[in-house]
Structures are given as structure tokens and as C-alpha cells.
Amino acid sequence: MDYKAWSAEYWEEASRIKKRMEHVRKERSEPKEEMARKRRLTILYAMYLDCVHTAKHLERRAQLEGRI
């Protein structure tokens with residue numbers, strides 16, 4: 001299994017999610033829609049963190065595989 005390539009895919013996905021978060025932050029919304037916008041940002045941030053942590057884990061795994 002190519003953990004390094006897999007990690008790179010997670011980093012790319014994290015980057016796409018981060019760009020989407022920036023876009024959502026810049027959106028103008030009416031006060032009644034503000035709660036929904038904040039909820040979307042919370043979900044996107046959780047997805048971003050998952051991608052970053054998974055990418056780091058896969059990088060560590062790739063390093064371990066390289067030593068064996």
C-alpha cells in the first residue's frame with residue numbers, strides 16, 4: 001500500500017475543504033440563515049481536521065514502512 005500517495009490525497013482534500021470554508025465565511029446571509037451558515041462551517045471544519053489528522057497518520061505510517 002502506498003501510504004505516501006494516500007496521505008497526499010488527504011492533504012489535497014483538506015486544501016479543497018479549507019477553500020470551501022473560506023468561501024462560506026465570505027457569503028452574506030440573512031440573520032435567520034446565519035445559524036445554518038455557522039453549522040456548515042462547523043461541519044466543514046470537522047471534515048478538514050479529519051483529513052489533516054488522517055494525512056499525518058498516513059505519513060507516519062509511510063515512514064515506518066520505509067524503515068522495514
Side-chain angles (χ1 to χ4, degrees):
M1 199 173 253
D2 189 357
Y3 292 110
K4 193 165 184 124
W6 205 6
S7 173
E9 288 180 28
Y10 273 94
W11 282 118
E12 289 172 18
E13 187 64 26
S15 176
R16 283 192 293 270
I17 292 170
K18 191 172 184 179
K19 287 177 186 175
R20 180 66 184 153
M21 287 172 49
E22 291 169 5
H23 178 72
V24 171
R25 280 190 186 110
K26 292 178 184 178
E27 287 178 354
R28 296 281 183 214
S29 61
E30 295 182 26
K32 65 181 181 180
E33 295 175 359
E34 185 65 18
M35 185 83 106
R37 187 179 73 83
K38 286 182 180 180
R39 184 169 183 221
R40 283 194 311 272
L41 280 171
T42 300
I43 293 168
L44 286 168
Y45 185 63
M47 291 169 61
Y48 170 78
L49 290 178
D50 284 343
C51 287
V52 168
H53 291 295
T54 302
K56 287 180 180 180
H57 175 75
L58 290 168
E59 283 178 353
R60 287 190 299 271
R61 187 70 185 252
Q63 289 175 352
L64 290 174
E65 291 287 320
R67 293 182 190 159
I68 296 174

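On a predicted model such as this, the values are computed, not experimentally measured, just so you know.
- Inter-residue side-chain proximity for Arg40 and Glu27 is flagged as met; some heavy-atom pair is nearer than 4.5 Å.
- In this structure, Trp6 and Arg61 have side chains that are not in contact, with every pair of non-hydrogen atoms separated by 4.5 Å or more.
- In this structure, OH on Tyr45 lies 11.0 Å from CG on Asp50, to the nearest 0.5 angstrom.
- With hydrophobic clusters built from ILVMFWY side chains whose heavy atoms lie under 4.5 angstrom apart, Leu58 does not share a cluster with Leu49.
- In this structure the side chain of Lys38 reaches within 4.5 angstrom of the side chain of Glu34, judged on heavy atoms.
- Cys51 approaches Glu13 most closely through the heavy-atom pair SG-CG, 3.8 Å.
- Residue Leu41 is grouped with residue Tyr48 when hydrophobic side chains (ILVMFWY) are merged at heavy-atom distances under 4.5 angstrom, including chains of intermediate members.
- The shortest distance between side-chain heavy atoms of Tyr3 and Ser7 does not fall below 4.5 Å.
- The distance from atom CD of Gln63 to atom CD of Glu59, rounded to the nearest 0.5 Å, is 7.0 Å.
- Between Glu22 and Lys19 no salt bridge is recorded (no basic side-chain N to carboxylate O distance below 4.0 Å).
- In this structure the side chain of Val52 never reaches within 4.5 angstrom of the side chain of Tyr10, judged on heavy atoms.
- Annotation for Ile17 and Leu44: closest pair CG2-O, 3.3 Å, computed over non-hydrogen atoms.
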